[in-house]
Chemist: 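This is the structure I want to talk about, given as structure tokens.
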Amino acid sequence: MMEIIWQFGKRRYLLGRETLILGIVNVTPDSFSDGGQHNLPDAAFDHAAKLVREGAHILDIGGESTRPGGDAVPVQEELDRVIPVIERLAREFDVPISIDTTKTTVARAAIAAGAEIINDISGLRFEPELADLAAATQAGLILMHSLGDPNSLHHQPAVYDIFETILSGLEAAVADAVRRGVDRDAIVLDPGIGFGKTFEQNVALIADFGSLVGGIYDRPWLVGTSRKSFVGRLLNGAPVDQRLYGSLATATSAVIDGAHIVRVHDVAETVQTLRVIDALRASADPPD
């Protein structure tokens with residue numbers, strides 16, 4: 001079992017034996033899964049605190065929905081949503097906070113408020129300056145594969161070889177980040193499940209996640225399938241609030257195939273599932 005370093009700021013993780021769980025906190029009124037449930041600062045903080053108690057290793061705070069058909073959010077509105085939550089969380093918990101944004105202005109304010117990771121769903125395509133900010137602040141940087149502009153992320157023509165498209169796109173993003181001064185050890189890769197991929201491609205990516213891990217083998221891989229529409233389709237049209245077990249199944253499959261980090265809504269259930277999976281993997285591949 002190959003171990004990979006993820007290092008940023010004062011944090012250093014040796015990944016490969018314990019799967020990191022990144023808990024989702026949507027401070028939005030319109031997210032596909034939990035829109036409006038935590039869109040006020042106090043509710044968002046309470047939800048994030050619950051995820052920490054349940055075992056989340058990282059909190060991912062987002063103030064703009066990336067669901068299909070989601071509306072763009074002005075910078076100031078995004079700041080007003082996320083900054084009070086990040087400030088309070090950073091004061092009260094020693095848990096790394098990730099800011100889920102494509103905007104350098106938002107990321108800069110979030111890091112000043114206490115965030116330590118930038119989660120960019122555009123893979124530096126929208127604002128490459130995010131890499132400059134990550135380099136200057138020694139923030140962690142999650143680069144997700146996607147295609148198209150903010151209005152067409154979920155409506156891209158199907159590509160022929162999705163594995164090669166993802167690997168080449170992310171290698172280019174990593175090279176750009178490193179050229180701008182980001183330490184390669186600070187970077188995590190996300191294939192962007194559900195973003196401009198067909199149903200069949202989403203299933204194939206989870207079924208053969210190991211091909212992604214093997215394609216760029218020296219960086220950690222994050223997988224985010226929680227409650228997504230392809231899971232609902234696999235479950236005969238199950239609505240968002242009935243996709244827990246399908247989400248756990250996809251996360252389990254990806255982790256067995258080499259994923260290092262999972263991004264989820266349901267932290268407690270994922271912690272229990274992956275604690276067992278990690279123990280089984282460790283038993284099958286004991287340290288030398």
Chemist: Answer with yes or no whether the hydrophobic clustering places Val95 together with Ile83; edges join I, L, V, M, F, W, Y residues whose side-chain heavy atoms lie under 4.5 Å apart.
Modeler: yes
Chemist: Where do Arg180 and Asp132 come nearest, in terms of heavy atoms and distance?
Modeler: NH1-OD2, 2.9 Å
Chemist: Going through the distances and angles, do Arg227 and Asp266 end up as a salt bridge (Lys or Arg N to Asp or Glu O under 4.0 Å)?
Modeler: CA-CA 9 Å; Arg227 303 182 184 177; Asp266 303 291; 2.8 Å; yes
Chemist: Starting at CD1 of Ile86, measure out to CD of Glu116 and round the result to the nearest 0.5 Å.
Modeler: 11.0 Å
Chemist: Please find the pair of heavy atoms, one from Asn202 and one from Gly194, that lie closest to each other, and give the distance.
Modeler: OD1-N, 2.9 Å
Chemist: Of the options His260, Arg275, His57, Arg281, which is the one that meets Glu18 in a side chain to side chain donor-acceptor pair (under 3.5 Å)?
Modeler: His57
Chemist: Would a 4.5 Å heavy-atom cut-off, applied to side chains only, mark Ile5 and Tyr13 as touching?
Modeler: no
Chemist: Assess, by modelled atom type and distance only, whether the side chains of Ser146 and Arg125 contain a donor and an acceptor separated by less than 3.5 Å.
Modeler: yes
Chemist: Quick check: closest heavy atoms across Ala139 and Ile111, and the distance to 0.1 Å?
Modeler: CB-CD1, 4.0 Å
Chemist: Taking atom CD of Gln272 as the centre, report whether more than 12 heavy atoms of other residues, nucleotides or ligands fall under 6.0 Å from it.
Modeler: no
Chemist: Give a yes or no on whether the backbone of Asp100 and the side-chain of Asn119 come within a donor-acceptor separation of less than 3.5 Å.
Modeler: no
Chemist: Does a side-chain heavy-atom distance below 4.5 Å link Val159 with Ile162?
Modeler: yes
Chemist: Heavy-atom count check: over 12 atoms from other residues, nucleotides or ligands less than 6.0 Å from Tyr245 OH?
Modeler: no
Chemist: List the atom of Ser98, the atom of Ile142, and the distance in Å for their closest heavy-atom pair.
Modeler: OG-CD1, 4.4 Å
Chemist: Verify whether one side chain among Asp278 and Thr19 offers a donor that lies under 3.5 Å from an acceptor in the other.
Modeler: yes
Chemist: Do Leu20 and Val271 belong together in a cluster built from hydrophobic side chains that touch within less than 4.5 Å?
Modeler: no
Chemist: List for me each residue that meets side chain to side chain contact (heavy atoms under 4.5 Å, CB included) alongside Ile216, sequence neighbours excluded, and say none if there are none.
Modeler: Leu167, Leu170, Glu171, Arg184, Leu189, Asp218, Arg219, Trp221
Chemist: Heavy atoms only: give me the nearest Arg179-Asp176 pair and the separation to one decimal.
Modeler: NH2-OD1, 2.6 Å
Chemist: Measuring from atom NZ of Lys103 to atom OG of Ser122, what distance do you get when rounded to the nearest 0.5 angstrom?
Modeler: 10.5 Å
Chemist: I need the single residue from Val203, Val223, Leu205, Val231 that forms a side-chain contact (heavy atoms from CB on, under 4.5 Å) with Thr250. Which is it?
Modeler: Val231
Chemist: Measuring from atom CZ of Phe45 to atom CD1 of Ile61, what distance do you get when rounded to the nearest 0.5 angstrom?
Modeler: 10.5 Å
Chemist: Do Asn26 and Thr28 have side-chain atoms, one donor and one acceptor, less than 3.5 Å apart?
Modeler: no
Chemist: Please name the pair of heavy atoms, one in Ala109 and one in Leu79, separated by the smallest distance, quoted to 0.1 Å.
Modeler: CB-CD2, 3.5 Å
Chemist: Looking just at side-chain N and O atoms, do Glu78 and Thr101 make a donor-acceptor pair shorter than 3.5 Å?
Modeler: yes
Chemist: Evaluate whether atom CD of Gln138 has more than 12 neighbouring non-hydrogen atoms of other residues, nucleotides or ligands under 6.0 angstrom away.
Modeler: no
